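Indexing begins at 1, ligand by ligand and atom by atom, following the structure's order. Here the structure is a predicted model, which is why all the values come from computation and not from measurement. Positions are given from 1 along the sequence.
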Amino acid sequence: MKCLLLIDLQNGFCPGGNLAVPGGDEVIPIANRLMEEGGYDLVVASQDWHPAGHGSFASSHPGRQPFEMGELKGQPQVLWPDHCVEHTDDAALHPKLDLKKIDYIQKKGMDRLVDSYSAFRDNDRSAHTGLADYLKERDVTELDIGGLATDYCVQASAIDAVEMLPGVRVRFVEDLSRGIDPATIAVAERAMAEAGVATVRASQILAEARGA
Ligand code: VGL
Ligand code: ZN
């Protein structure tokens with residue numbers, strides 16, 4: 001069972017969004033092409049879905065500015081601009097994303113007191129979203145992951161997938177992903193490789209699906 005996991009392909013992370021990732025919208029056609037012709041049995045999308053006043057927002061920390069380092073639950077936390085507030089247009093999946101091809105949407109980041117970069121569990125590793133069980137129940141053996149942002153939610157999801165889904169081949173789809181900052185993107189790519197995540201490009205996946 002081959003699964004494609006699309007991370008946070010939301011307006012908020014695309015140009016014009018509240019936490020825009022450079023070139024974020026460029027991955028939407030790649031996601032659509034992979035859903036159509038990538039040979040997947042299952043497609044899952046994650047959706048960052050914060051209550052207003054979430055603890056990861058700089059606006060929840062008096063006197064602090066977006067992108068400063070702060071603290072949440074005693075852990076270092078990047079303080080973000082308000083983004084992906086539940087039920088707002090910023091939190092909606094990108095309008096050009098082909099929603100009909102998505103089997104399941106995993107919302108995350110709903111607990112005001114902790115952030116959740118990973119689609120699998122909160123940053124403090126306590127609460128699980130249920131996605132790992134969902135994929136296990138469906139006997140997923142191969143999981144390709146890409147989306148926004150490489151240096152935060154993609155990295156965290158890929159590394160958690162290796163740990164929480166033993167025996168599953170996990171790959172990072174490089175050109176299906178964009179990151180916030182070149183320095184942290186480079187660190188994220190190294191961390192994923194060290195955790196046992198392979199790197200693949202969409203063209204290779206399409207060639208595999210054609211039986212090449
Ligand atoms: C993300 C920062 C805050 C992401 C989500 O999707 O990578 N980054 N919330
Ligand atoms: Zn967020």
State whether the shortest distance between N or O atoms of Val154 and N or O atoms of ligand 1 falls below 3.5 angstrom.
no
Distance alone, cut at 3.5 Å: any donor-acceptor contact between the side chains of Gln77 and Asp115?
yes
Rounded to the nearest 10°, what angle sits at the Zn ion (ligand 2) between NE2 of His50 and NE2 of His83?
90°
Write out the residue and atom name of the closest protein heavy atom to atom 5 (C) of ligand 1, then the distance separating them to 0.1 Å.
Asp48 OD2, 3.2 Å
With heavy atoms of Leu148 as the reference, note each atom of ligand 1 found under 4.0 Å away.
4 (C), 6 (O), 7 (O)
Take Lys108 and Leu131 through the side-chain contact (heavy atoms from CB on, under 4.5 Å) test and state the conclusion after the steps.
CA-CA 10 Å; Lys108 63 184 180 66; Leu131 180 58; over 6 Å; no
Quick one: are Ile102 and Leu97 in side-chain contact, heavy atoms under 4.5 Å?
yes
Candidate with minimal heavy-atom separation from atom 6 (O) of ligand 1, of Val21, Asp8, Asp115
Asp8
Please step through side-chain contact (heavy atoms from CB on, under 4.5 Å) for the pair Phe67 and Asp181, ending with a clear verdict.
CA-CA 11 Å; Phe67 303 105; Asp181 173 54; over 6 Å; no
Among non-hydrogen protein atoms, atom 1 (C) of ligand 1 lies closest to Cys153 SG, 3.1 Å
Side chain to side chain donor-acceptor pair (under 3.5 Å) with His83: of Thr88, Asp90, Asn11, Asp48, only one passes, and it is Asp48
With respect to the Zn ion (ligand 2), what is the nearest N, O or S atom of Asp48?
OD2
Is there a side-chain contact (heavy atoms from CB on, under 4.5 Å) between Tyr134 and Val44? Walk through the geometry before answering.
CA-CA 10 Å; Tyr134 176 92; Val44 176; 3.9 Å; yes
Other residues, nucleotides and ligands only: do more than 12 of their heavy atoms fall within 6.0 Å of NZ on Lys96?
no
Ligand 1 N/O within reach of His50 N/O, cut-off under 3.5 Å:
no
For Gln10, state whether at least one heavy atom is located under 4.0 Å from any atom of ligand 1.
no
Is the closest N or O pair between Ala149 and ligand 1 shorter than 3.5 Å?
yes
Please round to the nearest 0.5 Å and tell me the distance separating atom OG of Ser177 and atom CE of Met192.
7.0 Å
Please could you name the atoms of ligand 1 that Tyr152 approaches to less than 4.0 Å, counting only its heavy atoms?
7 (O), 8 (N)
Below 3.5 angstrom, do we get any N/O pair linking Ile180 and ligand 1?
no
So, Asp8 and the Zn ion (ligand 2): N/O/S under 2.8 Å, yes or no?
no
Looking at Ala52, is its backbone amide N or carbonyl O close enough to the side chain of Arg112 to form a donor-acceptor pair, meaning the two atoms are under 3.5 Å apart?
yes
